[in-house]
Amino acid sequence: MKKIITLHLLLLVTSMQIFAGGQKRKVLVIGIDGTRADALVQANTPNLDSLVAKGLSTFDAWHIDITVSGPSWSSIMCGVYHNKHGVTGNSYSNSNYNTYPYFPTRAKELKPNLKCIQYTEWAPMSDNVYNDGWDLKLKGPDGATTTTGTAAVAQIQDPDVDVLFTYFDAVDLTGHSSGFNPNNAAYILAIEGVDTEIGKMMTALRARPTYDQEDWLILVTTDHGGIGTGHGGNTITERRIWWIGASDRATVSSIPAKADPGSYNKTPFNVDTAIQHQSPVQADIAATAIHHLAYSPTFRPENQAAWALDGRSWLCEMGLCNEKLVGIKENTLDENRISVYPNPTSGKFNISVSSDLNVQSISVRVLDQMGRIVFEGENLSKNSSFDLSNNQRGIYFMEVKTQNKVTVKKIVVN
Ligand SMILES: [Zn+2]
């Protein structure tokens with residue numbers, strides 16, 4: 001039996017129930033250089049704490065490469081380790097970013113129009129890196145935490161920004177001058193200073209006029225710990241790092257300590273990649289960021305053979321792998337077996353699911369171009385009729401779901 005539904009009557013009800021219909025996915029990466037996990041845990045960091053309360057985190061992650069900034073930030077941004085990206089020191093000599101670029105370059109292979117911005121304090125990270133995908137590369141004075149926070153807030157206010165990477169160096173500089181140590185009050189204070197700026201950045205992010213139509217993933221990590229006034233070796237306090245992935249719609253979880261996967265900082269390399277993938281590591285920042293930016297149910301960055309990523313995505317563990325994004329065609333359900341007609345339509349149209357598809361009923365959502373849900377219905381007949389004639393003319397996306405498979409149909413109302 002055909003079912004006629006007048007969509008505009010249901011609009012109010014459905015829009016109240018759904019949190020996130022097809023927002024534009026964006027990424028903020030915050031790097032805090034040289035921050036020991038045990039010191040971060042001890043410091044008073046309400047803003048980082050609230051990110052931890054909104055996602056996936058670990059304070060027992062392993063550094064598995066050279067515990068120096070150049071190679072570590074390259075691993076974080078490229079999603080591969082130094083045997084691929086080539087960077088073994090802070091001169092960035094022998095870099096191989098043409099083969100293993102920064103993640104914005106990879107994301108743009110799938111979404112060319114992303115606007116990507118970097119603001120760093122430490123010049124080599126800006127001057128010595130190429131093929132990084134930044135549309136705007138900004139740098140400020142080294143260790144100037146509040147200057148960096150202010151600059152980051154300004155970039156967050158850019159209506160078009162899709163990816164922002166902000167980098168703070170003061171914690172590492174303090175470690176070098178007076179000790180990487182949770183008992184060093186200056187070191188703790190430097191961490192707390194960065195946390196204050198992160199608070200300002202998050203306030204600015206949520207104040208974006210378009211925030212409700214956006215889906216921001218926030219990734220925060222460090223490049224290495226430290227011992228005494230240095231780092232570069234393989235002691236636990238140099239290798240113990242932390243990793244936070246947060247979103248206002250993420251599932252909250254914390255990953256306990258896992259076995260040591262080994263390190264690329266020793267020859268021969270002895271990294272166990274199966275153990276490595278049990279807990280977030282540095283290369284996972286790039287993989288998770290790309291996954292979010294170019295999300296579709298069938299896409300995983302680590303499965304792109306040509307990219308040869310060492311990192312894996314944690315997006316699904318964060319609860320952010322769903323079909324709420326529109327504009328990406330999903331072919332997990334054979335779309336040729338679902339017909340929408342007439343299309344284009346003046347408003348009224350029909351869906352018909354091929355009878356050879358063993359489906360009892362369908363769930364349907366219709367979203368407008370901004371990703372707002374204008375209709376949602378469950379347990380509908382395989383042959384249903386719809387009416388969008390009271391909605392604005394334009395392009396709509398209809399998600400048709402059967403069991404756990406989904407396809408998206410574009411509908412033109414004119
Ligand atoms: Zn350092």
Side-chain angles (χ1 to χ4, degrees), residues 29-43 45 48 59 61-78 81-82 85-95 102 118-129 139-149 165-195 197-198 219-244 263-266 281-283 285:
V29 180
I30 302 171
I32 314 177
D33 203 292
T35 307
R36 271 175 59 157
D38 54 356
L40 179 57
V41 168
Q42 189 174 305
T45 54
L48 283 165
F59 292 87
W62 290 96
H63 194 303
I64 61 172
D65 207 324
I66 303 166
T67 55
V68 170
S69 292
S72 299
W73 288 114
S74 297
S75 300
I76 291 164
M77 303 306 282
C78 301
Y81 292 102
H82 86 269
H85 63 60
V87 179
T88 55
N90 290 342
S91 71
Y92 285 76
S93 55
N94 300 316
S95 59
Y102 264 37
Q118 169 180 264
Y119 184 97
T120 66
E121 298 180 352
W122 185 51
M125 183 184 261
S126 177
D127 301 348
N128 300 355
V129 177
K139 59 185 175 184
D142 202 5
T145 298
T146 54
T147 304
T148 297
F165 172 51
T166 304
Y167 163 85
F168 294 94
D169 202 15
V171 179
D172 186 66
L173 296 173
T174 308
H176 285 296
S177 63
S178 57
F180 292 86
N181 190 325
N183 299 317
N184 175 5
Y187 188 64
I188 295 291
L189 208 61
I191 295 171
E192 294 175 351
V194 172
D195 182 75
E197 299 309 310
I198 291 173
L219 298 165
V220 198
T221 195
T222 190
D223 55 342
H224 52 73
I227 186 165
T229 55
H231 53 83
N234 285 316
T235 61
I236 290 292
T237 60
E238 289 163 284
R239 294 188 60 216
R240 187 69 90 196
I241 56 166
W242 49 274
W243 198 105
I244 301 168
S263 173
Y264 292 100
N265 200 15
K266 300 166 180 166
V281 289
Q282 293 182 323
I285 294 281

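Note that ligands are numbered from 1 as they come in the structure, with each ligand's atoms numbered from 1 the same way. What you are looking at is a predicted structure, and each value in this text was computed from that prediction instead of being measured. Quick note: numbers below take in every heavy atom, side chains included, and nothing from hydrogens, waters or symmetry partners.
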Can you tell me if an N/O/S atom from Asp33 lies under 2.8 Å from the Zn ion (ligand 1)?
no

Of the backbone and side-chain N, O or S atoms of His231, does one lie nearer to the Zn ion (ligand 1) than 2.8 Å?
yes

Specify the closest pair of heavy atoms between Cys78 and His85, including all atoms of both residues, with the distance to one decimal.
SG-CB, 4.5 Å

Minimum side-chain heavy-atom gap Phe168-Asp33 below 4.5 Å
no

Can you tell me which residue among Thr120, Thr148, Asp127 is in a side chain to side chain donor-acceptor pair (under 3.5 Å) with Lys139?
Asp127

The angle formed at the Zn ion (ligand 1) by OD2 of Asp172 and NE2 of His176 is about (to 10 degrees) 90°

So, applying side chain to side chain donor-acceptor pair (under 3.5 Å) with Asp223, which one of Ser72, Ser69, Ser74 is it?
Ser69

